Amino acid sequence: MAQPHTITHPLWTVVGEGAIGLLATAQLHQAGFPVQLHRRTVGPFDFVFQSAGQTQHISLHIAAKHPYSFILLPVKAYAVVDAVQQLLPLMAEDAQLVLSHNGMGTIEQVLPLLKPEQGLWFLSTSHGAFKPDHATVIHSGKGQSVLGALNQAALAQQQSVEETMQAALGPLVVMADIWPALWQKLAVNAVINPLTALHQCKNGELSNGKYNAAIELLIEEFVLVAKASGQDFSNDSIQSRVAQVIRQTADNYSSMQQDFAKGRRSELEYITGFLLKQAEQHQLQLPAHQAIYQLLLQKSPR
Ligand code: KPL
């Protein structure tokens with residue numbers, strides 16, 4: 001008689017306890033993938049997961065099993081390098097590491113820290129999740145994700161990483177070259193996030209005509225610096241993508257609006273700051289991004 005064969009998935013470690021990390025953890029757990037959490041405090045961790053009207057209590061062990069072979073690192077851009085430095089001694093020689101955050105600039109910082117057999121990936125997601133308290137995560141908007149390998153070593157474990165990320169934050173589009181998708185997401189974040197943070201408004205407010213001129217300028221300058229960095233976008237394609245995200249997330253506060261409202265550090269340096277650094281390298285001026293950057297810097301927590 002044929003034996004039913006069970007697929008065995010490798011153990012994944014999700015780092016931190018941010019909303020996207022807990023969303024991925026909960027969805028992996030539900031789909032039967034082995035998952036552990038790497039948190040600052042040790043001991044078991046229980047949390048409540050709410051999605052599509054269902055509530056589930058999830059009980060997990062805090063990462064006890066080293067070395068880590070498969071890691072999802074969904075922490076804010078400014079926390080990535082420190083987190084990787086702390087993880088390095090715990091990582092297997094051929095570990096696979098998936099970064100996921102808003103903004104750009106971390107990939108260049110992380111690649112040189114890895115060993116030749118350690119794979120690096122980036123996952124960009126439009127899923128919405130938030131934590132009303134430290135042990136509850138609400139899946140507030142069903143989105144999708146884009147995944148891409150960033151070095152040769154990543155290709156050694158392609159199937160396993162893709163399958164797991166599909167279960168964690170799918171539906172998933174796997175891209176042979178993820179850079180255009182990252183730049184497009186950067187465009188959205190470089191327009192919506194700083195404007196909503198500055199004016200302390202919901203994303204939908206930006207479709208009120210009074211922001212049109214600012215949005216157009218930010219997009220024009222974005223297209224210029226993207227082109228100089230090897231990414232060719234038309235003004236129209238970025239305009240319509242930004243307008244679409246404004247419509248789809250009209251009732252949401254952007255992550256940067258929330259960071260400023262709560263006096264937390266924001267990803268400004270990895271969004272507008274990244275664009276300004278690229279512009280400097282190509283001797284370009286971005287007066288609109290520069291102006292909004294300066295205004296937000298003055299409002300940033302010290
Ligand atoms: O990514 C976002 C954020 O808030 O950080 C959206 C909602 C897409 C707006 O930029």
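No experiment lies behind these values; they were computed from the predicted model shown. Every number for a ligand or one of its atoms is a count from 1 in the order of the listing.
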Using modelled atom types and a 3.5 Å cut-off, is there a donor and acceptor pairing between side-chain atoms of Thr136 and backbone atoms of Asp133? no
Out of curiosity, is Asn102 lining ligand 1, as in a heavy atom under 4.0 Å away? yes
Which protein heavy atom lies closest to atom 8 (C) of ligand 1, and at what distance to 0.1 Å? Val245 CG1, 3.7 Å
For residues 278-290, please give each side-chain donor-acceptor pair under 3.5 Å, one per line with the distance, not counting sequence neighbours.
| from | atom 1 | to | atom 2 | distance (Å) |
| --- | --- | --- | --- | --- |
| Gln278 | OE1 | Ser229 | OG | 3.3 |
| His282 | NE2 | Ala228 | O | 3.4 |
| His289 | NE2 | Leu218 | O | 2.9 |

heavy-atom search around atom 2 (C) of ligand 1 in the protein gives Asn189 ND2, 3.4 Å
Who's the nearest protein heavy-atom neighbour of atom 3 (C) of ligand 1, and how far? Ser255 OG, 3.4 Å
Atoms of ligand 1 close to Ile192 [distance to a heavy atom under 4.0 angstrom, numbered from 1]: 9 (C), 10 (O)
Contacts of type ring pair (Phe, Tyr, Trp, His ring centres under 6.0 Å), residue Phe260, not counting sequence neighbours: none
Can you tell me if Gln96 and Gln118 form a side-chain donor-acceptor pair at under 3.5 Å? no
Which protein heavy atom lies closest to atom 9 (C) of ligand 1, and at what distance to 0.1 Å? Asn193 OD1, 3.3 Å
Just by modelled atom types, is the His139 backbone N or O under 3.5 Å from a matching donor or acceptor in the Ser51 side chain? no
Please classify the Asn203 to ligand 1 contact at 4.0 Å (heavy-atom distances, strictly less than): side chain, backbone, both or neither. side chain
Ignoring hydrogens and geometry beyond distance, is a side-chain donor-acceptor pair present between Glu269 and Tyr293 at under 3.5 Å? yes
Of the side chain and backbone of Lys185, name the one, both, or neither that has a heavy atom under 4.0 Å from an atom of ligand 1. side chain
Does Asp259 pair with Arg265 as a salt bridge, N-O distance under 4.0 Å? no
Atoms of ligand 1 less than 4.0 Å from Ser254 heavy atoms? 4 (O)
